[in-house]
S.K.: 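Please see the structure below; I have some questions.
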Amino acid sequence: MDKNLNKNDDLIIAGRSFQSRLLIGTGKYNNFEETRAAIDSSESNIVTMAIRRINLGQSPDEPSLLEFLPPKEFTYLPNTAGCFSSDEAVRTLRLARELLDGHNLVKLEVLGDPDTLFPNVVETINAAKILVKDGFDVMVYTSDDPIIAKQLEDIGCCAIMPLASLIGSGMGILNPWNLEIIIDKSNVPVIVDAGVGTASDASIAMELGCDGVLMNTAIALADNPILMASAMKKAIESGREAFLAGRMNKKLYSASPSSPVEGLIK
Amino acid sequence: MRININGNIQEFKGKKITAEELITKLNLNGKRFAIEKNGEIISKNYLNGIYFNDGDKIEIIGAVGGG
């Protein structure tokens, strides 16, 4: 880890370079204008999106998400949200690649339970093997199990994205120790994906040494999404700087005064 | 002729319809989408010359907001 703050500190994923370490989703906003305003406020470079059947009843001039987020300005990260098998996920991402003119950077998630949206890691691993072999750069959503994370890296995934807590829960980082193990063992970027609720959660993730944070609901469902997007940007940056700066050691049982102990007025 | 498009059965006159005709009928000209015919992706570059016949199952997808 290069801790020289004067040097470029871009996030590198599969050979692509990004200034922002905040990745954001485009779901749950009230409209495309709000989506765009929140993304602008976050200064994110990478935006996730879902792949769905096109609405055939729409009028010809109805705007689409991609028109509000032109590919010249953003890096797209199509996802497999809603897929419960490796077959569905692979099919979805092959369609996404066709839709996006050969774009191969994708977010793989294969869910295991409709209530908790916990990932099915067996199906995730199966899909990752197929997609990597097929030329995709796979950023993979997974549990915070360090063994599975390592297996996904060994398959060739370009970023490991463990959950902080359940998707859309806003419960924050429930197991920082597992995240630290994953970060310590990983040779590819580790990006917390899911569970962040507010700015301090994002800062904690970055202070732990995560390379980035992916979030959607924490911004989209804030009372003021545009202001929260700005707060998240600052939280990511401050957490990153604190990580690079290297925090002091905790002293559980001994206080240490900040002021001199000599020259006290008696 | 009946074709299943995105899970809905649609009726068309004749025995086949070209991809170009179908896209025009569905108001998709100028839109970004990808098409799958009976489970196989059809590249945008090869849409010309593709026909859809009775019983075909077609998926037409796009990008929507998601996390």
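Predicted model, so just to flag it, every value in this text is computed and none were measured. Proteins come first, then strands; the chains are lettered A, B, ... in the order of their sequence lines, and each starts at number 1.
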S.K.: For Glu73(A), is the CD atom crowded, meaning more than 12 foreign heavy atoms sit under 6.0 Å from it?
M.R.: yes
S.K.: At their closest point, which heavy atom of Glu109(A) faces which heavy atom of Gly67(B), and how far apart are they?
M.R.: OE2-O, 3.9 Å
S.K.: What part of Ile60(B) lies closer than 4.5 angstrom to a heavy atom of chain A: side chain, backbone, both or neither?
M.R.: both
S.K.: Can you tell me which portion of Leu69(A) sits under 4.5 Å from chain B's heavy atoms? Options are side chain, backbone, both or neither.
M.R.: neither
S.K.: May I ask you to name which of Leu66(A), Thr92(A), Asn55(A) has the most heavy-atom pairs under 4.5 Å with chain B?
M.R.: Leu66(A)
S.K.: Quick check for you: to the nearest 0.5 Å, what is the distance between Leu26(B) atom CG and Leu56(A) atom CG?
M.R.: 5.5 Å
S.K.: May I ask you to decide if Ile35(B)'s main-chain N or O and Glu98(A)'s side chain share a donor-acceptor pair within less than 3.5 Å?
M.R.: no
S.K.: Enumerate by number any residue of residues 2-13 of chain B whose heavy atoms lie under 4.5 Å from heavy atoms of chain A; in the absence of such residues, state 'none'.
M.R.: Ile5(B), Asn6(B), Gly7(B), Gln10(B)
S.K.: Is it the case that over 12 heavy atoms from other parts of the model lie below 6.0 angstrom from the CE atom of Met171(A)?
M.R.: no
S.K.: Of all the heavy-atom pairs spanning Ala50(A) and Gly65(B), show the shortest one and how long it is.
M.R.: CB-O, 4.1 Å
S.K.: Measuring from Arg32(B):CZ to Ile54(A):CD1, what's the distance to the nearest 0.5 Å?
M.R.: 11.0 Å
S.K.: To the nearest 0.5 Å, what is the distance between NZ on Lys31(B) and CD on Glu67(A)?
M.R.: 5.5 Å
S.K.: Considering only heavy atoms, which portion of Ile42(B) lies under 4.5 Å from any heavy atom of chain A: side chain, backbone, both, or neither?
M.R.: backbone
S.K.: As an exercise: rank Leu95(A), Leu214(A), Asp193(A), Thr217(A) by heavy-atom pairs under 4.5 Å with chain B and give me the winner.
M.R.: Leu95(A)
S.K.: What residues of residues 23-42 of chain A sit under 4.5 Å from chain B when only non-hydrogen atoms are counted?
M.R.: Gly25(A), Thr26(A), Gly27(A)
S.K.: Would you find more than 12 non-hydrogen atoms of other residues, nucleotides or ligands less than 6.0 Å from Asn45(B) atom CG?
M.R.: yes
S.K.: Which atoms of Asp101(A) are under 4.5 Å from chain B, going by heavy atoms: the side chain, the backbone, both sets, or neither?
M.R.: both
